[in-house]
Q: 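Sharing a structure below in structure tokens format, with a few things to ask.
Here is the naming used below: chain letters follow the sequence lines, and residue numbers restart at 1 for every chain.
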Amino acid sequence: MYFPMTVLFRLMVLSLFAGVSLASVLGQETPVSLEIAKDQGRQKSRFLKPGAGKEKAADAVPDANVADFQKVVQPLLARSCAGCHGEKKSEGRLRLDKLDADLVKGADVERWREIYNALIKAEMPPDDSKEAPLTEEARGVIVQWLGEEMHKASMVRRGNQDQSSFRRLTKYEYNYALQDLLGLDFSFAGKLPPDTASEDGFKNRSDLLQMSAMQFQSYREIGLSALKRAVVIGERPKPVTYVISMADQMKTALAAKDAKRFERGDENEKKYVNAQHLLNRETGAGVQIPQGQAQPTDKVLFGEASPVSPEAWVLPASGEMKLNLDRFLPDEGVMRVRIRAGRSSMNPDEYAGLRLIFSAHTSNNANFSQTISTRDVQVTASAEQPEFVHFDIPLSDIQRNPFRKLTTTFPRRDEFLHIRNISNAFSGPERMKVMVDQVEITAPFYEEWPPKSHTNIFFESPNRADESVYGREVVGRFLRRVWRRTVAPDEVGAFMGLFAKYRPGFATFEEAMVEVLATALATPEFLYLSPRQGPVVEEKAGNRIDAFELANRLAVFLWASLPDEALIAQAESGAIRRPEVLSAQVKRMLADPRSKRFSQQFVDQWLGLERINSVTHIKDASLMDAMLEEPVAVFEEVLRNNGSVMDFLDSSYAVVNERLAVHYGIPKVFGPHFRRVAVEPRHGRGGMLTCAAMLAINSDGKDSHPVKRGVWLLQRMLHDPPPPPPPNVPEVDLTDPEILKMTLKERIVNHRNQPACASCHSRIDPWGIAFENFDALGAYRTQVNSKPVDASSELFNRQKLAGVDGLKRYLLTERQDQFAQAMVHKLTAYALGRPLGFGDRSDIERLTLELRQRGDRLVDLIQLIVSSDIFNAKQ
Amino acid sequence: MHRMNGKTLAMNRRTFLRGTGVALALPWFETFSAFGAKQEGVPKRFLSVYHPDGVGLPLKSDPAWEDWSWFPRGGEKDFVLTKVLDVLEPLRNDITIYSGLSHPAARQVHGHSNADQYLTGANIGGSGPYKNTISVDQAYAEHIGDQTRHASLVMSTNGGIGGPRGAQTQSFNREGRPIPALNRPRQIFEMLFVTSGKDAAERLARSKSALDLLIENTRSLKRQLSSRDQETLAHYLDAVRDTEVKLAKAQRWIDTPVPSVDTSRLHLDAEPKEAKLYFQTMYELIYLAFLSDSTRVATFQLGRENGEGPHDLLSLAVGLPGAHGLTHAVKKPGGWQNLGTYNRYQAEEFGRFVQRLRETQEPAGQGNMLDNTFAMHGSASSSFHLSRNYPIISAGGKNLGFKNGRYLKFGKGNEDNQAGAGIDSDAGWTGKIQAEELPLSNLFVTVLQRLGVETNAFGGVSGTLERV
């Protein structure tokens, strides 16, 4: 995994030392802008030099650095160690002169590892040694050489395990696959155990996705219950319907003894007008109200347009309409909530979205509530011409009142629906409010009967009357979608055999067939990304994957799911092999809403965003949501425009919503949606590095954590993960009063100055310190503990980084190739769902070259990957 | 005579349960199974609770030693509990505390890897290829599992299996493959106590046909795969076969209704971050599973080694953040106390469970449930990442032959538990082994024998542990 970087790294170090003097001269002047740095850095790319890509690919296996051993290390060992571990004496049966200095190919790696451990722990040479003492500097030289050689040796071992892309679907892919297959937007996979992420964050790695009896059992259960949700048996169920008219609500509210009424222009109006209230818009009379009541009705009003009533429920920002629905909602099925709403004013800087919350009081002092809508639905119509917005909520998936079926009235059986206004209109005399004049609730709700999810499986056919003929049709069509390939008649036959066994146990054809189809959902060809070929075997396939497998790889890469019929058909005809067809399919797939899953999953895994669930210091839920959304929005912005991946390092824009813009101090961004906004250098934003999420997950709960931030940058952005800490790392001793007095940065420096820590930390900490202007929530700061922030640091190559601006400038000027290659590596590893080894090295090199030559564009990279040999090869 | 006994036992159990107000509908199967060859007398149970991150082990010279050193002080009988374990004082005569035990293969492996091998003793190493072996609970479950509806109950706060050397389950099957742990109380409850339906028999028959088809389908797929991919597919086939075995077993339970139990102490939607409710509910589920004889084998892993995530917030129960971080922070002001406070809390919850077993009469026999249960609580590291001198407590098992009320020191050269004390760096685990310790698997052999498994070896180690 580390292979390209170390080699590259060596190159960089060389080129850096050459470049540093220039940079430091420049550093005396005003530093160049990041835009110019980007251009300058591009000029330096080794991939853009004349003749790049023509040279022979570098060796797949890194060479051992025996030359340095002979020149530098061996003399040191001879001077300080050979007396006890040499020709004359061989204490511990160790003879240094007999060890093979080639750790990559040689057989003495284990012995060298012991020597490494003894040296870093300063166990050797012993104090009473009669040899020439080993200076700290000399020890450092040996440790450094050994560290690098051991690293290479371990990479070779890892590289030798050849990896396959044959794997089962991940939990999330399985969920999406069922959603797409059945046309149902529910979450199905909840009961599956979580998948393990690899060290570099990917959850789709073939070597980590395991299978067990319990997991298999879960697949069977989930498959059956999902099918049962897709298919309907019997008559259309009679729905429970609530029609909540504000005229009725107002009548009830006004009849209450302690009603808080007001009239137009009176004192009470001023008191109540900014709280939620019911208002007669014609008379100006109103009443402030905490909650409403609703009972099911027999009226078949649902879906019909009734005239807008003068009475409206007025919801100011954060106000909510709480409706007591009693205990009549059914257990299962979709609850549709339609709300006719409009805005009291159309100021474009204000927004209002509706959110549904469900709650119950389960004892005197206990209640629960849960947001049941997946996203806030914006109210865009005016109050004069209100429009319906609607929500569909699967009732079996939300927390219900467990006491709703009691025959006694205690504990309480009722359930509440809250409609909340999520808005920024908190101030001003004319602050915008949402006016609701009607709410309709119905469950179970079906758009049509039988629903589409049913007719997708049990479609119309002239053969419906003949169960065995129609059964074959049903099974055949279903298997084609489940297996994503052409299905042979005898394969259908096996399932019809099962149907024949099952049929007598069920009242209807459909019920028996659902059980049969559930078995198809437990087949390995559904659960795994199968390399099985269709009935027609392609000629001269060689090491190339089947056209169906190509369609599958595409779908799981860009949709995290199954191919659709269009893709399957292109595979069946073989057209998908044609470059222009493949390219057109990629464009189509990226334009499809399902590609949102790609952005979401890839970015989450690449950047390790899940870690946000493990930090406790983000108290503001809307900030946390915005933090999580931002990197995905940045990625989508670049994807949509086929922009440069270098934008992830820095860009002249940020992609933010109002909440995040406030956090970043960017003015005049209103509303909850993410959009591209130009930023200035003083904001310190643009790109992934300074997304609040990155800064927050790499904090320790109270303050920034430069070491975590440094490791994150190296691991996630530069694909150059530092080795794990060596064995004798002392914890910073905070009982030491001298250390307690130090600032964080001083502590880190102190830690780094200890020889055992220096070799790694000098490569980690400076990167992280450059982020010191950002606190644990990723907000910009100029002071820490009333001292000015010191975000200047110096890399091990003496390159000075002046804060994050300097860091970005350095990366853009000197590290573009490394980042481009890291991006290629990450995206390819994700696309293939397997770790990359030495054997993949030249493909990655080639892809990086092409990416750079084509101008670093993200969509180009995706196109390059899917048409590459590595993506089209078996394994 | 035997026949009579069987009936009498079952009646006793019903009578007792009615008397205590525990609603437990006893399956008739119990009375039949009493005639089974293996079922002699009362159930023998095994529980292991695992906590990651070890315990606090300050140096004697440290002011924190007096109160916050995990191990007791004093001798076998007159031992004195420190503040970490003093919550177990009321149970003193029902517990045994061990020192000087560890798995030899792991003694120089980083503690972060060792949750995997705590119950297996396997030489999993710290890097390279990974292979585990059967865990002691499963060795017992293989022996006794077919007597109960569930062969074992495998639970952890994180759920699933985790990754190699990062186990999120304590249980491994005969092939050394991890058994996924359940972590959601509601799921566990439903598995144990929610009836699987009247048409289960028909479903079973359908399942058998479905599995046949799946096996056939897998075989034909296999022919198109490379040998490496066939290996991956073999895991699937194993899973199908394991399911077949389960079906065969399920056949016996088809006509037996699930027991109904008292759910008043359960908070089925509790999550690890609500640590107290969660702990209480998970322990209560084990208790109810044992009480209803739904299983006789349970494991429970609290969190995972070297982790981040919700499990790591269990220490919020005592107002402390990040459990793993506590072990790293022992040198910070109040560090030993914080770690000790969290360990104390773990012991307290374990003690509460032990107490509950002690207060419950054995449903099908004499004495209380604790006397027929061997319950252990421990970790595979003592001091910071140090895979030696495991801190282990066991409780109960009087009727199995365990003599409690003792602090048993094993090995040589570390009578005061100072080897590796006070370390907060990894120099410890790579350092020289100064003290002689005995293999923990010796204890496992003793346990297995007393549970009725005929064996003289476990995890590659022969022989029992003396004095236990």
Side-chain angles (χ1 to χ4, degrees), chain A residues 117 121 154 157 162 164 166-168 191-198 206 208 210-217 220 399 491 494-495 497-498 501-502 505 515-516 518-519 522-525 527-528 530-533 611 613-616 701 725-735 874-875, chain B residues 110 127-128 158-163 166 177-181 184 187 199 202 205-207 209-210 213-214 216-218 221 224-226 228-229 232-233 235-236 238-243 245-246 269 308-310 312-313 321-322 328-333 335 384 424-427 429-431:
Chain A
N117 285 339
K121 281 184 286 184
S154 81
R157 283 179 201 182
D162 100 25
S164 167
F166 180 67
R167 61 172 178 92
R168 68 163 168 80
K191 72 198 293 186
L192 288 178
D195 291 329
T196 308
S198 66
S206 57
L208 292 174
Q210 303 198 31
M211 180 62 79
S212 67
M214 190 176 284
Q215 180 134 359
F216 170 72
Q217 193 54 32
R220 296 189 65 217
Q399 174 66 58
E491 291 177 314
F495 285 84
L498 203 57
K501 282 190 195 143
Y502 287 1
E515 298 276 342
V516 173
T519 306
T523 52
E525 276 196 81
L527 300 173
Y528 287 74
S530 160
R532 184 182 194 133
Q533 289 163 352
R611 270 163 62 189
N613 296 318
S614 310
V615 301
T616 51
N728 71 334
V729 175
E731 188 75 3
V732 177
D733 187 353
L734 291 181
T735 53
K874 288 176 185 167
Q875 293 294 299
Chain B
H110 195 292
S127 61
N158 290 48
I161 55 176
R177 294 220 174 107
I179 298 174
R184 287 193 296 280
Q187 194 184 359
D199 52 0
E202 267 183 43
R206 281 201 302 275
S207 284
S209 316
L213 184 148
L214 291 172
E216 192 41 54
N217 185 265
T218 309
L221 172 60
Q224 297 200 11
L225 298 181
S226 70
R228 148 179 286 281
D229 292 347
T232 306
L233 192 65
H235 290 229
Y236 173 87
D238 284 355
V240 180
R241 296 236 165 82
D242 286 354
T243 308
V245 172
K246 278 191 181 160
D269 295 314
E308 290 179 338
D312 205 44
L313 305 176
H328 282 260
V330 289
K331 291 280 174 78
K332 292 182 183 164
F384 190 83
D424 64 346
S425 86
D426 285 347
W429 68 267
T430 49

Q: Between B/G160, B/S207, B/A181, who has the most heavy-atom pairs with chain A when the cutoff is under 4.5 Å?
A: B/S207

Q: Could you grab the distance from atom CZ of A/R168 to atom NE2 of B/H235, nearest 0.5 Å is fine?
A: 11.5 Å

Q: Mind checking the OG-CD1 spacing from A/S212 to B/I161? Nearest 0.5 Å is all I need.
A: 6.5 Å

Q: Among B/T243, B/L233, B/D242, which has the most heavy-atom pairs under 4.5 Å with chain A?
A: B/T243

Q: Which atom pair, heavy atoms only, marks the closest approach of A/L498 to B/A210?
A: CD1-N, 3.9 Å

Q: If you tally heavy-atom pairs under 4.5 Å against chain B, which of A/P193, A/A197, A/A522 wins?
A: A/A522

Q: Provide the closest heavy-atom pair for A/M211 versus B/A239 in the form atom of the first, atom of the second, distance.
A: CG-CB, 4.0 Å

Q: Measure from the side-chain N and O atoms of A/Y502 to the backbone N and O of B/R206, and report whether any donor-acceptor pair falls under 3.5 Å.
A: yes

Q: With A/R220, which residues qualify under salt bridge (charged side-chain N to carboxylate O under 4.0 Å, His left out), at least two apart?
A: none

Q: Work out which heavy atom in A/S164 is nearest to a heavy atom in B/R228; give both atom names and the distance.
A: CB-CD, 3.6 Å

Q: Going by heavy atoms in the side chains, are A/Q210 and B/P178 under 4.5 Å from each other?
A: yes

Q: Is chain B contacted by the side chain of A/P524, its backbone, both, or neither, given a heavy-atom distance below 4.5 Å?
A: both

Q: Partners of B/H110 by ring-ring contact (aromatic ring centres under 6.0 Å, His included), sequence neighbours excluded?
A: B/H112, B/H385, B/W429

Q: Between the side chains of B/N217 and A/T523, does any donor sit under 3.5 Å from an acceptor?
A: no

Q: To the nearest 0.5 Å, what is the distance between CG (B/L221) and CZ (A/F166)?
A: 5.5 Å

Q: Please identify, among A/T519, A/D195, A/L527, A/V516, the residue contributing the most non-hydrogen atom pairs under 4.5 Å to chain B.
A: A/T519

Q: Could you check which of B/V245, B/T232, B/D238 has the highest count of heavy-atom pairs closer than 4.5 Å to chain A?
A: B/T232

Q: Among B/S209, B/G322, B/G159, who wins on heavy-atom pairs under 4.5 Å with chain A?
A: B/S209

Q: Can you tell me how far apart OH (A/Y528) and OH (B/Y236) are? Round to the nearest 0.5 Å.
A: 8.0 Å

Q: So what's closer than 4.5 Å to chain A heavy atoms on B/R184: side chain, backbone, both or neither?
A: side chain

Q: Measuring from atom CD of A/E525 to atom CG of B/L214, what distance do you get when rounded to the nearest 0.5 angstrom?
A: 11.5 Å

